[in-house]
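Step one of this worksheet: look at the structure below.
Hydrogens, waters and symmetry mates play no part in the numbers below; they use all other heavy atoms, side chains included.
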Amino acid sequence: MNLLLRILLAANSPPPRTDEELFLAYRNGEAAAFDELFLRYEGRLRSYVRRRVGSVNEVDELVQQTFLHLHRARKDFKAGLPLRPWLYTSCLNVCRHHLRRRGRRPVPAELHDGNVPTVEAHDITRDEDAARVRDALMTLPDHERVVIELHWLHGLAMKEVASVVGVGLSATKVRAHRGYKRLKVALAESA
């Protein structure tokens, strides 16, 4: 198909549905809408879970648990609210529960297999100093690291990050500020 024809077809097709429209369609019985949401977020959540938990072997299970939680809580979703923070909150809670149950912290970056999935916002797997950044992130207190990962690596707005971590916007900004400051120091020390 030539380029002009593709442009004309794209111009006449409806715009892609928002996350919220897809989720409400799924809630109303359209199974394909859930599949589309899964395709949109599976890679991002895999990356997030990998950094939170550190074990490649547990990523698939925890991402599936997140989507299972989304399915089970579908009637609790309030129309008009953004879906992305709600999804990341579910994922964060699944990871926290898993780590609590296992009684351990995330595996240090040097134990990762190096095959880290990419993310949209800032892809630290492609940067020259990716290992240094991952190691520096692991030195941060958990509450600061979560904020930085969601904001910097996953591209969530501070308001969305605040919603995910369950604290006010001002507290989230303070955590981000302190975390970025510590990250800067850790990176300077490792240079």
Side-chain angles (χ1 to χ4, degrees), residues 19-20 22-27 29-78 81-126 130-131 133-156 160-167 175 179:
D19 296 340
E20 297 74 23
L22 285 170
F23 193 68
L24 291 173
Y26 169 67
R27 199 166 76 176
E30 186 183 327
F34 192 83
D35 294 342
E36 192 171 335
L37 281 171
F38 182 84
L39 289 173
R40 278 187 192 177
Y41 282 100
E42 186 250 350
R44 297 176 198 180
L45 292 179
R46 287 180 57 74
S47 176
Y48 181 70
V49 168
R50 175 84 185 273
R51 276 192 299 280
R52 298 290 310 145
V53 176
S55 171
V56 180
N57 302 328
E58 299 164 328
V59 170
D60 288 335
E61 178 186 340
L62 297 175
V63 170
Q64 287 176 5
Q65 285 180 19
T66 299
F67 280 102
L68 181 61
H69 182 268
L70 188 68
H71 163 74
R72 287 180 178 158
R74 67 191 177 279
K75 293 188 171 125
D76 297 334
F77 180 70
K78 294 175 178 56
L81 292 178
L83 179 71
R84 186 166 70 161
W86 197 56
L87 179 59
Y88 274 95
T89 300
S90 292
C91 187
L92 178 61
N93 288 336
V94 165
C95 290
R96 283 178 175 162
H97 177 73
H98 174 75
L99 291 172
R100 246 185 262 120
R101 191 179 67 225
R102 297 278 188 191
R104 61 183 164 85
R105 301 270 304 153
V107 176
E110 61 269 11
L111 299 179
H112 289 183
D113 69 354
N115 188 17
V116 180
T118 61
V119 294
E120 287 186 7
H122 288 83
D123 188 352
I124 63 171
T125 64
R126 293 184 187 170
V133 173
R134 284 193 307 269
D135 291 343
L137 276 169
M138 293 304 290
T139 67
L140 299 179
D142 190 55
H143 65 279
E144 292 173 3
R145 186 175 65 245
V146 168
V147 169
I148 289 175
E149 287 174 347
L150 290 170
H151 180 252
W152 188 52
L153 298 176
H154 290 273
L156 271 70
E160 291 176 317
V161 173
S163 174
V164 170
V165 298
V167 298
R175 288 180 184 185

**Test side-chain contact (heavy atoms from CB on, under 4.5 Å) applied to L45 and L62, T66, V59, V94, the passing residue** = T66

**Asked** Does M138 reach the side chain of R134, with side-chain heavy atoms less than 4.5 Å apart?
**Response** no

**Message:** According to side-chain hydrogen bond (donor to acceptor under 3.5 Å, both in side chains), who are the partners of R74, at least two apart in sequence or on a separate chain?
**Reply:** H71

**Asked** Hey, mind stepping through L22 and R40 against side-chain contact (heavy atoms from CB on, under 4.5 Å) and telling me if it holds?
**Response** CA-CA 11 Å; L22 285 170; R40 278 187 192 177; 3.4 Å; yes

**Message:** For a 4.5 angstrom cut-off between non-hydrogen side-chain atoms, does L24 reach F77?
**Reply:** yes

**Request:** Could you list the residues that satisfy ring-ring contact (aromatic ring centres under 6.0 Å, His included) with Y41, not counting sequence neighbours?
**Result:** none

**Flag side-chain contact, heavy atom, 4.5 Å: L83 against L37** = yes

**Y88: which of E160, E149, R44 passes side-chain contact (heavy atoms from CB on, under 4.5 Å)** = R44

**Request:** Starting at CD of E20, measure out to CZ of R84 and round the result to the nearest 0.5 Å.
**Result:** 9.5 Å

**Chi angles and distances behind the side-chain contact (heavy atoms from CB on, under 4.5 Å) call for L150, Y48** = CA-CA 8 Å; L150 290 170; Y48 181 70; 3.6 Å; yes

**Item:** Closest non-hydrogen atom pair between S90 and H69, with its separation
**Value:** OG-ND1, 3.0 Å

**Side-chain heavy atoms of H143 within contact of V165, under 4.5 Å** = no

**Message:** Show, in sequence, the C-alpha distance, side-chain angles and deciding distance for R145 and R52, and conclude whether the side-chain contact (heavy atoms from CB on, under 4.5 Å) test is met.
**Reply:** CA-CA 9 Å; R145 186 175 65 245; R52 298 290 310 145; 3.7 Å; yes

**Request:** State, yes or no, whether a side-chain contact exists between N93 and H97 at a heavy-atom distance under 4.5 Å.
**Result:** no

**V49 side chain reached by H98 side chain, heavy atoms, under 4.5 Å** = no

**Message:** Minimum heavy-atom separation for A31 and Y26, please, with both atom names.
**Reply:** CA-CD1, 4.1 Å

**Asked** In terms of the angle between their ring planes, are W86 and F23 parallel, tilted or perpendicular, with boundaries placed at 30° and 60°?
**Response** perpendicular

**Message:** Using side-chain heavy atoms (C-beta onward) and a distance below 4.5 Å, is R175 in contact with V161?
**Reply:** no

**Gap between atom CG of L70 and atom OG1 of T89 - 0.5 Å precision** = 11.5 Å

**Request:** Return the minimal non-hydrogen interatomic distance between R51 and L153, and the atom names on each side.
**Result:** NE-CD1, 3.1 Å

